[in-house]
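See below for the structure under consideration.
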There are 2 protein chains.
Amino acid sequence: MMIRVAIVDDKPNNRRVITDKLGRDDRFMVAFEARDGEDFLLRMKDLAGTEYPHVVLMDLEMPHVDGVTAIATASSLYPSVSFVVLTIFDDDEKIFKAIRAGACGYLLKDESGKVITDMLINLRESGAGPISPSIAYKILQMVQQPELVKSEKEKQENIFLLSDREKEILQLLSEGLEYKEIGSRIFISPNTVKKHCISIYQKLHVSGKAQALRIAYTKGLI
Amino acid sequence: MMIRVAIVDDKPNNRRVITDKLGRDDRFMVAFEARDGEDFLLRMKDLAGTEYPHVVLMDLEMPHVDGVTAIATASSLYPSVSFVVLTIFDDDEKIFKAIRAGACGYLLKDESGKVITDMLINLRESGAGPISPSIAYKILQMVQQPELVKSEKEKQENIFLLSDREKEILQLLSEGLEYKEIGSRIFISPNTVKKHCISIYQKLHVSGKAQALRIAYTKGLI
DNA sequence: TGAAGGATACTCCATTTGGATAGTTTTACA
DNA sequence: TGTAAAACTATCCAAATGGAGTATCCTTCA
């Protein structure tokens, strides 16, 4: 059975390129094209359940109703339809919003025709949504650090007026090295390492390794 | 420059297969092999920073110390090293745990040699971790169902199987208190505090306060 | 030119820590 | 109710740590 595909993109040229890529493969047929999210939702309303596309290739930035909104609406109304983002945008926020809206795949437009068709066939056979490798890695990072997006915690590296050497020692200290290990790593005497450590503790107004490391971690010194 | 790869798998035959796959490509060299997580952590300790592998291909189910624990420990201790899971397991929980532990990629063993080498080259060039397509889709679903991720989020804190008492001690240790101070704070003997600390170090597979605190901070244990 | 601060190196000393070993009590669970 | 796990206590020893003091060499800057 042929896979019915709908294409939603505001650029006629983009739609034509995708249609051509799929047209060379007789496992696909383009059910319809839409120029934006609103157009897509209206066309879906006119279809009977048996005419729904299996897959919708959806651009993101479009007039009237954008891709994320269209996916959020349509994935609820038509749960049997798979929504795959096909766009040039690869920033974290768009990826995140599209997935949360209900996209089951995310492809970049620079993927080759064969990669796209292969992944769509696989979607049909195994249910696994198609995802471009670079997008997959960004999604992995979202799982890795859920509250990451508030990046850019200002490194106040110099409020304690540590010298370069002292910052270097502090870094090595945080890696769990002992005086003698640090010494041999940067070619100075363990005694000197200790002297640096004591200076660091004084500048940080702490007494001991653990407290110094606490400040280092929480203030972003390392 | 060649990419140094370490291979961690308890089956000698698996290690040989991977070594062979990489051996045909002169962009790679196998830095060392290890038979389990414990073996891997011990071998890493003996290396100088310049000898660290760029990438570690890690199986998950292994005796002594499993892959997730090894990644959790080593990704804190050696932040410059990339950890890629290479396994036959594709169940959600293993994937989730490995990613949260610090894996930057997840490959299935049935990937061809070329796919693996291509993705490792790409990791080197773009920093994007290699992810098998079917795994990528499962990760996407994790983002889609945040409550699932959230309920398992607490497990992150327990991948090292610290007891409540040990977590309490670790918390106090991070505040820079000494054994006797911790003891009087929670009304136990300093000797007991020390015993707990040593147990913590064993469970975290580290030797010393600084390394334990590093893992505690970077893995969100405190 | 001379003061100030950084980096280096050393000594002496008391304290803290890591590691091993060997127990007892308490708690949890099957 | 028995057993396993966790929590607690204790002691010994070698190593690492922190604290203080002293000293030389170098660069920077007023």
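For Thr192(A), the listed nucleotide lying nearest its side chain is dT8(C); candidates were dG18(D), dC8(D), dT8(C). In the set dC10(C), dT9(D), dT8(C), the nucleotide with an atom closest to the side chain of Asn191(A) is dC10(C). The side chain of Ser163(B) approaches dA7(D) more closely than any other nucleotide in the set dA20(C), dC8(D), dA7(D). Listed candidates were dG19(D), dA7(D), dG6(C). Nearest to the side chain of Lys203(A) is dG6(C).
Counting to the nearest Å, the P atom of dT9(D) and the CD1 atom of Ile186(B) are 9 Å from each other. If you take CD1 of Ile169(A) and P of dT17(D), they are 12 Å apart, rounded to a whole angstrom. Taking atom CD1 of Ile188(A) as the reference point, atom P of dC10(C) lies 11 Å away to the nearest angstrom. For the pair Ile198(A) CD1 and dA7(C) P, the interatomic distance rounds to 15 Å; values are reported in whole Å. Atom CD of Glu168(A) is separated from atom C1' of dG6(C) by 14 Å (rounded to the nearest Å). Rounded to an integer number of Å, the gap from Leu213(A) CG to dG18(D) P is 10 Å. In this entry the distance linking CD of Gln202(A) with C1' of dG6(C) reads 14 Å, nearest Å. Summarising the geometry, the separation between CG on Asp164(B) and P on dA28(C) is reported as 10 Å, rounded to the nearest angstrom.
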Exercise for review: Would you check, one step at a time, whether the test salt bridge (Lys or Arg N to Asp or Glu O under 4.0 Å) holds for Arg27(B) with Asp25(B)?
Suggested key: CA-CA 5 Å; Arg27(B) 291 171 297 183; Asp25(B) 193 322; 2.6 Å; yes
Review point. Does the salt bridge (Lys or Arg N to Asp or Glu O under 4.0 Å) test come out yes or no for Asp92(A) and Lys138(A), once each step is laid out?
Key: CA-CA 7 Å; Asp92(A) 290 358; Lys138(A) 285 176 187 262; 3.7 Å; yes
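Side-chain atoms of Thr69(B) and Lys203(B) include no donor-acceptor pair closer than 3.5 Å. For the residue pair Ser199(B)/Lys195(B), the side-chain donor-acceptor check at 3.5 Å is satisfied.
Between Asp59(B) and Val8(B), every side-chain heavy-atom pair lies at or beyond the 4.5 Å cut-off.
Closest approach of Leu108(B) and Ser134(B) over heavy atoms only: CD1-OG, 3.5 Å. The minimum heavy-atom distance between Ile18(B) and Ile7(B), with the atom names listed, is CG2-CD1, 3.7 Å.
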What pairs of nitrogen or oxygen atoms, one from the protein and one from nucleotides 22-27 of chain C, lie under 3.5 Å apart?
none

Distances for protein N or O near nucleotides 15-17 of chain C N or O, under 3.5 Å:
| unit_1 | atom_1 | unit_2 | atom_2 | d |
| --- | --- | --- | --- | --- |
| dT16(C) | OP1 | Glu178(B) | OE1 | 3.1 |
| dT16(C) | OP1 | Lys180(B) | NZ | 3.4 |
| dT16(C) | OP2 | Lys180(B) | NZ | 3.0 |
| dT17(C) | OP1 | Lys209(B) | NZ | 3.2 |
| dT17(C) | OP2 | Tyr179(B) | N | 3.2 |

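Within the 4.0 angstrom heavy-atom criterion, no nucleotide atom of any strand lies near Ser199(A).
Note on residues 61-89 of chain B: pairs passing salt bridge (Lys or Arg N to Asp or Glu O under 4.0 Å), not counting sequence neighbours, are Glu61(B)-Lys94(B).
Arg24(B) has no carboxylate O lying under 4.0 Å from a charged side-chain N of Asp20(B), or vice versa, which leaves the two without a salt bridge.
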